[in-house]
Amino acid sequence: MQRISEQSRCWIGVVSASHVKWGVLGGFAQLNHGKSAPLRRMSRGDWLIYYSPRTDLAKGEVLQAFTAIGQIEDDSIYPYPMSETFVPYRRNIRYYPCREVRIADLLNQLSFTRGNRNWGYSFRYGHFEISREDGQTIAAAMLDPIRE
């Protein structure tokens with residue numbers, strides 16, 4: 001399994017599963033409806049783990065799972081015109097083959113959810129940092145025994 005180095009930080013991005021798939025296919029991250037600020041908080045080599053509350057943005061089914069994991073590849077944050085009126089910011093990510101992991105399976109193992117009835121509150125911000133240990137726990141569940 002890919003190990004998270006001492007220098008790397010770990011982040012959660014909250015995005016619907018269908019949008020996560022677009023990012024994985026394109027090798028990019030796009031967060032908080034295309035805002036640049038969350039992308040700027042991360043550095044090359046940091047880990048981004050996507051949590052998807054739903055399968056689709058508006059009318060998707062409840063999913064509540066970690067759906068993708070990868071590392072920030074470089075220092076570039078760039079606008080990407082999706083239409084004349086929507087130009088979100090993106091960042092290049094190297095995604096790893098992984099399995100989807102329901103958060104219910106990890107609630108008692110993660111410091112930011114353990115013993116917390118309101119564990120979902122942190123996810124409302126759309127992007128937040130987690131401890132290296134929590135990142136490693138999620139990565140182990142998503143990547144083991146998957147091999148590149």
Side-chain angles (χ1 to χ4, degrees), residues 1-58 60-80 88-148:
M1 185 197 87
Q2 190 73 24
R3 301 293 300 172
I4 298 174
S5 74
E6 293 288 332
Q7 298 79 24
S8 296
R9 294 164 72 188
C10 298
W11 303 87
I12 298 288
V14 182
V15 178
S16 71
S18 61
H19 286 176
V20 168
K21 287 177 187 170
W22 291 344
V24 170
L25 289 173
F28 65 87
Q30 185 174 305
L31 298 165
N32 293 55
H33 306 287
K35 294 185 174 116
S36 65
L39 299 175
R40 292 184 195 288
R41 288 186 202 113
M42 300 183 291
S43 300
R44 179 191 311 203
D46 283 358
W47 287 77
L48 178 63
I49 302 167
Y50 276 119
Y51 172 79
S52 299
R54 296 185 163 278
T55 55
D56 289 300
L57 186 59
E61 297 175 27
V62 172
L63 184 58
Q64 295 184 332
F66 298 106
T67 51
I69 185 170
Q71 276 186 287
I72 309 297
E73 283 200 309
D74 55 34
D75 297 318
S76 178
I77 296 164
Y78 53 92
Y80 185 86
Y89 286 87
R90 292 182 173 179
R91 187 138 196 197
N92 296 324
I93 305 284
R94 178 177 184 230
Y95 289 101
Y96 296 97
C98 69
R99 75 173 59 75
E100 197 173 272
V101 174
R102 302 246 180 221
I103 194 169
D105 298 337
L106 299 178
L107 286 175
N108 291 326
Q109 299 174 48
L110 303 172
S111 66
F112 66 97
T113 59
R114 188 181 314 118
N116 184 354
R117 280 184 0 168
N118 300 315
W119 60 264
Y121 187 77
S122 303
F123 294 89
R124 293 179 52 198
Y125 296 105
H127 180 251
F128 61 96
E129 187 173 2
I130 60 173
S131 72
R132 183 181 168 282
E133 293 76 20
D134 285 344
Q136 194 66 50
T137 298
I138 298 167
M142 294 180 82
L143 301 172
D144 276 348
I146 293 176
R147 303 285 178 236
E148 289 182 57

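The model shown is predicted, which means the values in this text are computed figures rather than measured ones. Heavy atoms only: backbone and side chains are in, while hydrogens, waters and symmetry mates are out.
Within the model, atoms CD1 of I69 and CG of L143 stand 5.0 Å from one another, a figure rounded to the nearest 0.5 Å. To the nearest 0.5 angstrom, I4 atom CD1 is 9.5 Å from E133 atom CD. Separation of atoms CG (L110) and CG (N116) is listed at 11.5 Å; rounding is to 0.5 Å. Atom-to-atom distance recorded for N32:CG and Y89:OH is 14.5 Å, nearest 0.5 angstrom. To the nearest 0.5 Å, the span separating CH2 on W11 from CD1 on I130 amounts to 10.5 Å.
A pairwise comparison of heavy atoms in C98 and A68 identifies SG-CA, 3.9 Å as the closest pair. Between L63 and S52, the shortest heavy-atom distance links the atoms CB-O, 3.6 Å. Considering every non-hydrogen atom in both R132 and C10, the closest pair reads CA-SG, 4.1 Å. Between A141 and V101, the shortest heavy-atom distance links the atoms O-CG2, 3.5 Å. Contact detail for A29 and L39: the closest heavy-atom pair is O-CD2, 4.0 Å. Listed here is the closest heavy atom pair of F128 and S122: CD2-O, 3.4 Å.
Screening residues 22-42 for ring pair (Phe, Tyr, Trp, His ring centres under 6.0 Å) gives H19-W22 as the qualifying pairs, with residues at least two apart or on separate chains. Note on residues 13-32: no pairs pass salt bridge (Lys or Arg N to Asp or Glu O under 4.0 Å), not counting sequence neighbours. Screening residues 35-57 for salt bridge (Lys or Arg N to Asp or Glu O under 4.0 Å) gives R44-D75 as the qualifying pairs, with residues at least two apart or on separate chains.
A heavy-atom distance below 4.5 Å is found between the side chains of L31 and Y50. With contacts defined as side-chain heavy-atom distances shorter than 4.5 Å, the pair I72/N92 does not qualify. Proximity of F112 to F123: side-chain heavy atoms (C-beta onward) are separated by under 4.5 Å at one or more points. Side-chain contact check for V20 versus E100: every heavy-atom pair is 4.5 Å or farther apart. Side chains of T113 and L106 form no contact here, defined as non-hydrogen atoms less than 4.5 Å apart. At a threshold of 4.5 Å between non-hydrogen side-chain atoms, the residues R91 and L48 do not count as touching.
Screening F66, W47, Y125 for a side chain to side chain contact (heavy atoms under 4.5 Å, CB included) with I12, the sole residue that qualifies is F66.
Proximity of a side-chain donor or acceptor of Q64 to a complementary backbone N or O of A104 within less than 3.5 Å is not detected. Judged by distance alone, with hydrogens and angles left aside, the side-chain atoms of Q71 form a donor-acceptor pair with the main-chain N or O of G45 at under 3.5 Å. With hydrogens and angles ignored, the 3.5 Å screen pairs a side-chain donor or acceptor of T55 with a backbone N or O of E61.
Note on ring orientation: taking the six-membered ring where Trp is involved, the planes of W119 and Y51 are perpendicular (angle over 60°, cut-offs 30° and 60°).
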